[in-house]
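Since the structure comes first, as structure tokens, the remarks are kept for the end.
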Amino acid sequence: MSSLPEAPLLAVLPCDLTAAGRARRLLAEECRAAGVRGDAADSAELLVSEVVTNAVIHGRSEVRLSVCASPRCLRVEVGDDNSRRPRVQELDAAALDGRGLAIVDMVATRWGVADDDLGKVVWFELAV
């Protein structure tokens, strides 16, 4: 179980190509404010980009971004209106996509999917 409280809503992002970049910038600000730097901050930006991109492509709705940072752990939640749960796909070296959750699975300390009133929330945590 996470040692962090539920992450507060940070932003609602549009369902378009700007969402991942905006999420990275917002996350970077939260990381700086919490003193999260280095590999943890870099990994968090990579993962939020992957999860937000998936939310835009598959959720087809606005994207709800929440971040909770502490000196020991960073938790990021990305919600969308599609209740269909994502799953890690078998890696295909020839495929142009389908690696996002595999990256999250490799890099995050923990991650998962939770049902939400409006769809689902994909979350990840990184040890800081």
Side-chain angles (χ1 to χ4, degrees):
M1 197 50 79
S2 171
S3 61
L4 294 172
E6 186 174 313
L9 181 64
L10 181 60
V12 176
L13 305 170
C15 182
D16 65 28
L17 298 176
T18 67
R22 290 176 68 184
R24 284 191 304 273
R25 287 188 293 280
L26 290 166
L27 178 67
E29 289 173 18
E30 291 293 310
C31 285
R32 277 192 297 279
V36 177
R37 291 175 174 48
D39 289 343
D42 293 343
S43 293
E45 287 187 47
L46 169 67
L47 298 184
V48 80
S49 186
E50 293 294 338
V51 176
V52 168
T53 297
N54 281 352
V56 168
I57 292 170
H58 303 291
R60 298 183 181 155
S61 68
E62 291 180 321
V63 178
R64 299 173 299 280
L65 174 66
S66 301
V67 177
C68 190
S70 80
R72 295 161 87 180
C73 186
L74 176 69
R75 181 180 175 97
V76 177
E77 298 177 356
V78 175
D80 64 56
D81 294 353
N82 186 336
S83 61
R84 195 171 127 240
R85 288 173 163 247
R87 58 184 174 80
V88 178
Q89 296 182 14
E90 192 172 316
L91 293 179
D92 178 355
L96 298 176
D97 58 10
R99 293 179 181 84
L101 281 182
I103 293 169
V104 172
D105 193 52
M106 285 187 281
V107 176
T109 305
R110 294 176 354 119
W111 74 276
V113 183
D115 294 327
D116 190 49
D117 292 342
L118 298 173
K120 68 176 169 303
V121 173
V122 177
W123 59 269
F124 64 84
E125 292 180 354
L126 290 167
V128 176

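The basis for the numbers below is simple: all heavy atoms, side chains too, and nothing from hydrogens, waters or symmetry mates.
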Return the set of residues passing salt bridge (charged side-chain N to carboxylate O under 4.0 Å, His left out) with Asp42 (not counting sequence neighbours), or none when no residue passes.
-> none
Pro14 and Val56: which non-hydrogen atoms are nearest, and at how many Å?
-> O-CG2, 4.3 Å
In chain order, what residues pass the salt bridge (charged side-chain N to carboxylate O under 4.0 Å, His left out) check against Asp115, with sequence neighbours excluded?
-> Arg85
Enumerate donor-acceptor pairs with a distance under 3.5 Å from any side-chain N or O in residues 15-32 to protein atoms, sequence neighbours excluded.
{"residue": "Asp16", "atom": "OD1", "partner": "Thr18", "partner atom": "N", "Å": "2.9"}
{"residue": "Asp16", "atom": "OD1", "partner": "Thr18", "partner atom": "OG1", "Å": "2.5"}
{"residue": "Arg24", "atom": "NH1", "partner": "Ser49", "partner atom": "OG", "Å": "2.8"}
{"residue": "Arg25", "atom": "NH1", "partner": "Gly21", "partner atom": "O", "Å": "3.3"}

Residue pair Pro86 / Asn54, side-chain heavy-atom distance below 4.5 Å | no
Summary of salt bridge (charged side-chain N to carboxylate O under 4.0 Å, His left out) pairs that have at least one residue in residues 51-66, sequence neighbours excluded = Arg64-Asp81, Arg64-Asp116
Val48: which of Leu65, Thr53, Val67 passes side chain to side chain contact (heavy atoms under 4.5 Å, CB included) = Leu65
Determine whether Val76 and Trp123 fall in the same hydrophobic cluster, where Ile, Leu, Val, Met, Phe, Trp and Tyr are linked whenever their side-chain heavy atoms lie under 4.5 Å apart.
-> no
Can you give the donor-acceptor pairs under 3.5 Å from side chains of residues 100-109 to other protein atoms, not counting sequence neighbours?
{"residue": "Asp105", "atom": "OD1", "partner": "Trp111", "partner atom": "NE1", "Å": "2.8"}
{"residue": "Thr109", "atom": "OG1", "partner": "Ala127", "partner atom": "N", "Å": "2.8"}

Please report the shortest heavy-atom distance between Val36 and Ser70, naming the atom on each side.
-> CG2-O, 4.0 Å
ILVMFWY network linking Leu46 to Val63, side-chain heavy atoms under 4.5 angstrom | yes
Nearest atoms (heavy-atom pairs only) where Asn82 meets Asp80 | N-OD1, 2.9 Å
Separation between CZ of Phe124 and CZ of Arg75, rounded to the nearest 0.5 Å | 10.5 Å
Hey, any chance Leu118 and Val113 share a hydrophobic cluster, counting ILVMFWY side chains that come within less than 4.5 Å of each other, even indirectly?
-> no
For the pair Leu47 and Leu126, evaluate side-chain contact (heavy atoms from CB on, under 4.5 Å) and give the outcome as yes or no after the intermediate values.
-> CA-CA 10 Å; Leu47 298 184; Leu126 290 167; 4.1 Å; yes
Can you measure from CD (Glu125) to CD (Glu77) and round to the nearest 0.5 angstrom?
-> 8.5 Å
